[in-house]
There are 2 protein chains.
Amino acid sequence: MTRTTADTTPTTVASSSADATRVAVSTVIFALRRLEGGDAARVALPLVRRTRDPHEGQWALPGGWLDIAESLDAAASRTLAETTGLAPSYLEQLYAFGAVDRSPTRVVSIVYWALIRADEISEDAVEPLFATENVQWFDAAALPRLAFDHNEIVDYALWRLRNKVGYSRIAHGLLADEFTLADLREVYEAILGRRLDPANFRRQVENSGTLIPTDRFRTGSHRPARLYRYNQDVELADRGPLDVAH
Amino acid sequence: MTRTTADTTPTTVASSSADATRVAVSTVIFALRRLEGGDAARVALPLVRRTRDPHEGQWALPGGWLDIAESLDAAASRTLAETTGLAPSYLEQLYAFGAVDRSPTRVVSIVYWALIRADEISEDAVEPLFATENVQWFDAAALPRLAFDHNEIVDYALWRLRNKVGYSRIAHGLLADEFTLADLREVYEAILGRRLDPANFRRQVENSGTLIPTDRFRTGSHRPARLYRYNQDVELADRGPLDVAH
DNA sequence: ACAAAAGTGTTAGGGCTACACCCATGG
DNA sequence: CCATGGGTGTAGCCCTAACACTTTTGT
């Protein structure tokens, strides 16, 4: 199986095919992280430092070239794992970016966006990659200037995330199997950037029929909160291209 | 400027680049047409007959190869004009289809969807192309078996159309400058596939602030109906990738 | 006069928001 | 016992659906 390394994220060093359009796949990965000293969780994403021209040294979305024998979805998962060691709990195509001048050579990027559960990002398996200092987490609301058109891409992915959280249950993709309603509400508040009424939030998700209450409670500093799990019968994201395309 | 002809819609006759992934651009074009004998308008789309293998003789979405020096949007407009002679009033990227086996050779198709106004499709300029019998309109609800994965693509485009008509004013893309509320309602009814209450429909669009009443009326067999035009200040489709990407 | 579409009025119900209030636990 | 988050109750508002009703034209 042909594999690329983390260094072969889209680059202009065109060897054999300088006169052809090439297809790259990149992914915007979202997770919830609690920053040092911060009380509330924030939306964060991992970026990789480019080790080649163009934009050497700048931060960019993880990605790589599309292999001739793999689907777009598979390429997104593969490049994601190779560059960051992460395996997303949710992965969806975002948009195809194809402006002529977005890279020195002609590159069409099929961009995906993904969600990672909080309990997955501190696995031992992924830390070594982060330890190389070539992968780093950033607050989605305070990004540096990124390589290529990646700032615009992240902005659009954030818009899609905020939008979709309103009419689907993608918040599940950011939570462990069992969670309290406060956990879930925190996800929504981090994504939407505003506080939600706990009472109304409870009723909304309870009436949606997507949650199954368990017998377990999380005990803490105050009254124990009931743990819930998601109803697997309900689609993670209601409708979408993947459902239609069989 | 490099141009392809209507015959060069995606094909497997790979001459120089059989071992590389190629990028094609196709478009699902929607219009409202009143079928013979039918009382209600229906959603229809033009398809082109393939003149080469694979799938020679089958109907397919209009499209063509992406030129190395043109953006995806430009390629969609160009191939649309070349194959059907149509210039859409609305054009938006739909999805990138990249399954390995969707074509004998590796082709990634960036698919767009477009809307054409009823007053545009009977222009003299476009009829010659349709007269060749290689372009033909089909009822969106009764399509034959299409080439490649184009049936699935149309299904997804239809889903997107039905979805988007609910929260944006893309219906405008199917109407002439001036129209009655009954005209507008007919667009919604054709897209959604169900009748709408005229009274409630009127109040909804009036309260949305997107319509400007004119002094003119359309006289017909009954009480004259006021003509409206769209408020140009309001976005055609609120938010989207194109707005974010500058 | 009559049919039919244009346009107005009215009412009931559901969902959302704001906010008052009780419950249970750790300290 | 008190602070705090968990959890319940409730009233107002807005939007929508349903449908009765009036207006205006062509025939």
Side-chain angles (χ1 to χ4, degrees), chain A residues 32 34 38-41 162-169 171 175-176 178-229 234 238, chain B residues 34 38-41 162-163 165-169 171 175-176 178-229 234 238:
Chain A
L32 241 54
R34 205 171 300 278
D39 45 347
R162 293 196 186 102
N163 210 41
K164 200 144 192 170
V165 83
Y167 65 87
S168 80
R169 9 155 306 189
L175 287 174
E178 294 196 337
F179 49 87
T180 66
L181 289 178
D183 292 338
L184 184 60
R185 182 161 47 85
E186 185 175 44
V187 173
Y188 278 80
E189 290 178 342
I191 292 174
L192 299 176
R194 61 189 171 89
R195 309 307 298 262
L196 300 174
D197 184 314
N200 296 330
F201 181 81
R202 161 183 298 273
R203 272 183 293 256
Q204 283 183 3
V205 299
E206 277 176 348
N207 293 342
S208 73
T210 59
L211 287 196
I212 299 175
T214 71
D215 297 341
R216 304 182 357 99
F217 289 79
R218 176 178 303 163
T219 176
S221 51
H222 295 295
R223 172 173 173 176
R226 183 180 294 276
L227 288 167
Y228 290 80
R229 50 175 62 251
V234 187
D238 327 65
Chain B
R34 206 171 299 278
D39 46 346
R162 292 196 186 101
N163 210 40
V165 83
Y167 64 88
S168 79
R169 9 157 304 191
L175 287 174
E178 293 195 340
F179 49 88
T180 67
L181 289 178
D183 292 338
L184 183 60
R185 181 161 48 84
E186 186 176 42
V187 172
Y188 278 79
E189 290 178 343
I191 293 174
L192 299 176
R194 60 189 172 91
R195 310 306 299 265
L196 300 173
D197 184 313
N200 295 330
F201 181 81
R202 160 183 299 274
R203 272 182 292 256
Q204 282 183 2
V205 299
E206 277 176 347
N207 293 342
S208 73
T210 59
L211 288 195
I212 299 176
T214 71
D215 297 341
R216 307 185 349 102
F217 288 80
R218 175 178 303 163
T219 176
S221 52
H222 296 294
R223 172 174 173 176
R226 182 180 294 277
L227 288 168
Y228 290 79
R229 51 174 63 251
V234 188
D238 328 65

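Note on naming: letters A, B, ... go to the chains in the order of the sequence lines (proteins, then strands), and numbering restarts at 1 for each one.
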field: Five-pair end axes of the helix from dA1(C)-dT27(D) to dG27(C)-dC1(D) and the angle they enclose, rounded to 10°
entry: 10°
- prompt: Rounded to the nearest 0.5 Å, how far apart are CG of Leu227(A) and CZ of Arg218(A)?
  reply: 5.5 Å
- line: CD of Gln204(B) to CG of Leu181(B), rounded to nearest 0.5 Å, is 12.0 Å
Hey, what are the protein-to-nucleotides 10-14 of chain D N/O distances that come in under 3.5 Å?
unit_1	atom_1	unit_2	atom_2	d
dT10(D)	O4	Arg203(A)	NH2	3.3

- request: Whole angstrom is fine here: how far is it from CG in Asn207(B) over to C1' in dT16(D)?
  value: 11 Å
task: Name every residue in residues 188-196 of chain B that has at least one heavy atom under 4.0 Å from any atom of DNA chain C, in order of residue number, or write none if there are no such residues.
output: none
- request: Would you classify Ala182(B) as touching base, sugar-phosphate or nothing, given that sugar-phosphate means primed atoms plus P, OP1 and OP2, and contacts are heavy atoms under 4.0 Å?
  value: sugar-phosphate
task: Extract, from 5' to 3' on DNA chain C, the first and final nucleotides lying under 4.0 angstrom from some heavy atom of chain B.
output: dA4(C) to dT10(C)
Atom-pair distance (CG on Leu227(A); P on dG6(D)), nearest Å: 12 Å
- request: Determine the contact category for Arg218(B): base if any of its heavy atoms lies under 4.0 Å from a base atom, sugar-phosphate if only primed atoms, P, OP1 or OP2 are that close, otherwise nothing.
  value: nothing
- prompt: Would you find a donor on one side and an acceptor on the other, under 3.5 Å apart, between the side chain of Glu186(B) and the backbone of Ala40(B)?
  reply: no
Could you write out each protein N or O paired with an N or O of nucleotides 23-27 of chain D at a distance under 3.5 Å?
unit_1	atom_1	unit_2	atom_2	d
dT23(D)	O2	Arg223(B)	NH1	2.6
dG26(D)	O4'	Ser221(B)	O	2.8

query: To the nearest Å, how far apart are Phe201(B) CZ and dC15(D) P?
result: 17 Å
message: Would you compute the distance between atom CZ of Arg185(A) and atom OG1 of Thr180(A) and round it to the nearest 0.5 angstrom?
response: 8.5 Å
task: Please list, chain by chain and in numerical order, all residues satisfying ring pair (Phe, Tyr, Trp, His ring centres under 6.0 Å) with Phe201(A), sequence neighbours excluded.
output: Tyr188(A)
- line: In whole angstroms, the gap separating P of dG6(D) from CG of Leu181(A) amounts to 9 Å
- prompt: Minimum heavy-atom separation for Tyr167(A) to Asn163(A), with atom names?
  reply: CD2-O, 3.3 Å
